[in-house]
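Letters A, B, ... are given to chains in the order of the sequence lines, protein chains preceding strands, and every chain is numbered from 1. Note that the structure is a prediction, hence the values are computed from the model and not measured.
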Amino acid sequence: MSGGGAAAAAAGPLPYSRRPEWADVTPVSLPAAEKVVAIQYTAEHAEALGYWRAVLQSGELSGRVLALTADMIRLNQADYTAWRVRWLCVQQLGADALGPELDFTHGVMLENAKNYQLWNHRRLVAGAIGPSCAAREDAFTREAIIFDEKNYHAWAHRQAVVKITGLWEAELAFADEFIGRDVRNNTAWNQRMFVWKAMGQEARLRLQGGGDDAGWLRSELEYIAAAVQKAPRNESPWRYLTGLFASLEPWASSPRSLSRCAEVHTLCCEALNDCPSCGPAYDVLALFYEGQAALSAAQADTAAAAATVAPGPAQAGVQVVLAGRVAATIMACELAQAALDEASVADPMRTPYWLHRQRGFNDVVALATGVLRSA
Amino acid sequence: MKAAGTGPAEAGPRSTLLVDKHATYIKSFSRLWDTPDKLEFVATEHFWMSGMYWGLSAMYLMGRLGDMDRDAILGWVMRCQHTNGGFGGSERNDPHLLYTLSAVQILALYDRLDDVDADKVAAYVAGLQRPDGSFAGDAWGEIDTRFTYCALLCLSILGRTAAINVPSALDFIAKCKNFDGGFGCTPGNESHAGQVFTCIGALSLANALHLVDRDLFCWWLCERQTKSGGLNGRPEKLQDVCYSWWCLSCLSILGRLHWIDRSALTTFILDCQDEEDGGISDRPDDMADVYHTFFGIAGLSLMGYPNLAAIDPTWALPVEVVERIKRRNEAAASASGK
Ligand SMILES: [Zn+2]
C-alpha cells in the first residue's frame, strides 16, 4: 500500500479529498480548543490529519488506513499512535501484508535508523513471519550496522531474530566480523557473550568440534589476548574476560574461577609488558590476586580446623600446611595491593575507585595472621 | 559564583551557570501547544509532555518555576489524559507510560496530585505489566527497562505501588543485568547509561539495590568519564550531557559520586551552555534543547552547584518535592488505617 504513496509523489501528492478511495469519509476538523495548533501544520499535513482523526474515531483498520499511516509516519516518524494503528492494520490484512512492511520499514530506516518505533514494528513483523525471516533481517540489520556499527536497536533486533531462527553460529560469526572491523566495538563483544550464554555449555563444545571446557576457555583467552594486543586500554575485551568467568558455566558456579586460571595472569602481564600504564590490566590483575588471597584464606581456614583435631604426631604436618596457606594469602594481598597502586598511577582520574578496592586487604591479612596465631 | 574547584582559568561567559538565559530559553516553550507557525514543534509533538516536565524541573531547580504559566500548563496536562487513565505526549497522541509519568511528575512539581484519580492512573499502569514482570510502554507492546522505571516511579509518586507485581518487575530487571554489571533494554542487550539509570532507579524505588554488583557496576560507571570531563553512554562513544546525568545519578544512588572527577564534569556541562540564547546542548557548541538543558542543570544540582535546589537522583524531582510526596503518601496511608 505504501507503493501508492510513492507513485503519487511523482506528480505531487493528490489531496485526500480528491482520492476516490476516501470519498465516503468526512474528515474531522480540529476541535475549537485545539484550533490554534492547526497553523503549525502544512496544508498537506493538516488535510491528512483530518482523515486520520476520522479513522481513529471510526476504528477502521484497512488497506487505505495502512496507506494513511504511511503518510502520518512520513510527517513524523516517531508518531507512536500512527505506528500502532499501522500494526493493527497489518494484522487485520493478514500474512500478505507482512512482505510490504519489510520495504516500508527499510525506507524509514534509511532516513533515521535510531527511531524506536521503526525497530519495534520491524520486530513484530519478523516475529509474524517466523524463522524464514532470517536472510531479510540479516541484510536489513547489516545495512544499519555498517552505517553505524554500534546501532543499539539493530544489534538488539538481531538478538530477537536469532531467538526466532536459532542460527547461533551465524550470529557468532557476525559478532566476530564486527569485532574484527573494530576491536573497540563493545556492542559486538556484548553480542558474542550473548550468543555463548544463550547457546549453553553443550552446544558450545559441539561447535568447537568436541574437546572440553578447558580447551574452549583457552581458545577464548587467545581471542581476548589478540584483541588486547591491538588496543591494550580498550575496556571491552577486559570486561568480556571477567564476564566469561562470572557468567558462563562451569566457571560461574565455581568460586573465584578467574583466579584459578593461570592464563589470566599471563594475559595481564603480557599486556602490561606492551603497555605499562594499562589501567584495565591492573584492574584484572588485582582481581586475580584478590581471588587467590580468598582461596588461600579458605584453605588456611580448613587447615586450622584440621589442626584442632589432628592427633599429636600429625600436628607438625598440619601446622606446616597452615603456615604455607597463610603466607600465600598475605603474599596475594600484597600483590593485589601493588597492582592497585600501579593502577592509580596509570589512571589517576579514577583514584577513588582504586583506593576503594584496597580497603579489604588489611582485614584479610589480619584474619589470616589471626588464624595462624590461634591454631 | 564560580563552582568550587572548577578547572580552566579563563573566565569566559560559560564559566558559571547562566540562570537568566536558561530561564528565558525554557520560558519560550511554556505554551508550546499554541506557539504559532513553528514547524520544528510538530516533529516533537509526541513528546511535549516530557518536554514540559524537563523544562519545569529545570526551572524549579533554578528557583524560577514561578515564571511559568501554571494554570495554562495544568489545564493542558489534564487535556492530555485519556479515559483509560493514561496520558498522551500531547492532546492528539495515545496514552503512553513515558508521558503518563511526565504528567504525574508535573502535577507533583505543582503540588497538584489531587487533580488526578490515582486509582485510575494506577489501573492504566498495571494493565501494561506483562507476565514476565516487564512493562510495555503502551498498547502497542514495546518492552524496555525504561518502562519498568516509569511504572514504579509513577506509582510511587501516587502511593499506588501495590497495584503492580513489584517482585516480578524486579525479576525482569535482574534478567537484564549484564556481565559488566550494567543493564540493557531487554535481557542480553548491551549495557547502556540510559537503561542503567532506569534500572538502578527502579531497584532503588523498590529497596532492592542488593541486586546490584556495586563495585563492578560503579567501575563501569566511572569508566564512562572521558578526558573531556563529560561522560559517555557506552564504551568508545562520545561524551554527552544527558549521559553524564544518567551515570551521575546512579553513582549518587549507590553512594559513589566521589568516584568520578566532579570538577571536570562541572566544567564540561558549563561549557555546553549557549551563552547567547540560553539552553544547554549535548556537547560544546551544538544546538541547545530543553532535554539537555534539564539534564545539565540536574547534573550540576547533584554535584552541589551553588544556588540550585537539590535534585533526588532516584525520583528525578527536586528533593523538596519528593519529601512532600512522601509526607502526602504517609498521611494517606495512616488515614486509611494501614
Ligand atoms: Zn544526549
Tyr152(A) portion near chain B, given a 4.5 angstrom heavy-atom threshold: both

Cation-aromatic face contact Arg256(B)/Tyr353(A), 6.0 Å, 45 degrees: no

Side chain / backbone / both / neither for Ala156(A) at chain B, heavy atoms under 4.5 Å: both

Side-chain ion pair, Glu235(A) and Arg224(B), N-O less than 4.0 Å: yes

Between Trp354(A) and Trp259(B), ring centroids under 6.0 Å: no

Residue among Lys227(B), Glu236(B), His96(B), His192(B) with most heavy-atom pairs under 4.5 Å to chain A: Glu236(B)

Heavy-atom closest contact (Trp140(B) atom, Gln117(A) atom, distance): CH2-O, 3.1 Å

Top contributor to chain B contacts, counting heavy-atom pairs under 4.5 Å, from Trp87(A), Trp155(A), Tyr116(A): Tyr116(A)

N/O donor-acceptor pair under 3.5 Å between Tyr80(A) side chain and Asp138(B) backbone: no

Distance flag, aromatic centroids of Phe179(B) and Phe245(A), threshold under 6.0 Å: no

Pairs of heavy atoms under 4.5 Å with chain B: top-ranked of Met349(A), Lys197(A), His356(A): His356(A)

Arg84(A) bridged to Asp94(B) by N-O distance under 4.0 Å: yes

Check: His46(B) main-chain N/O paired with Asn76(A) side-chain donor or acceptor under 3.5 Å: no

Side-chain heavy atoms of Trp238(A) within contact of Glu223(B), under 4.5 Å: no

Arg92(B) and Leu49(A): CA distance, side-chain angles, deciding distance, side chain to side chain contact (heavy atoms under 4.5 Å, CB included) verdict: CA-CA 10 Å; Arg92(B) 188 175 72 74; Leu49(A) 266 173; 3.7 Å; yes

Which atoms of Asp347(A) approach chain B - backbone, side chain, both or neither, heavy atom under 4.5 Å: side chain

Residues Gln159(A) and Asn189(B): side-chain donor-acceptor under 3.5 angstrom: yes

Proximity breakdown for Leu124(A) and chain B, heavy-atom pairs closer than 4.5 Å: side chain

Enclosure of Lys114(A) NZ (heavy-atom neighbours >12, cutoff 6.0 Å): no

Short side-chain to backbone donor-acceptor contact, Lys150(A) and Arg234(B), under 3.5 Å: no

Max heavy-atom pair count under 4.5 Å with chain B, selected residue of Ser247(A), Gly243(A), Gly279(A): Gly243(A)

Close side-chain approach of Gln225(B) to Arg350(A), heavy-atom, < 4.5 Å: yes

No-hydrogen, no-angle side-chain donor-acceptor test under 3.5 Å, Asn186(A) and Glu190(B): yes

Interchain contact, Asp182(A) with chain B, by part (heavy-atom threshold 4.5 Å): neither

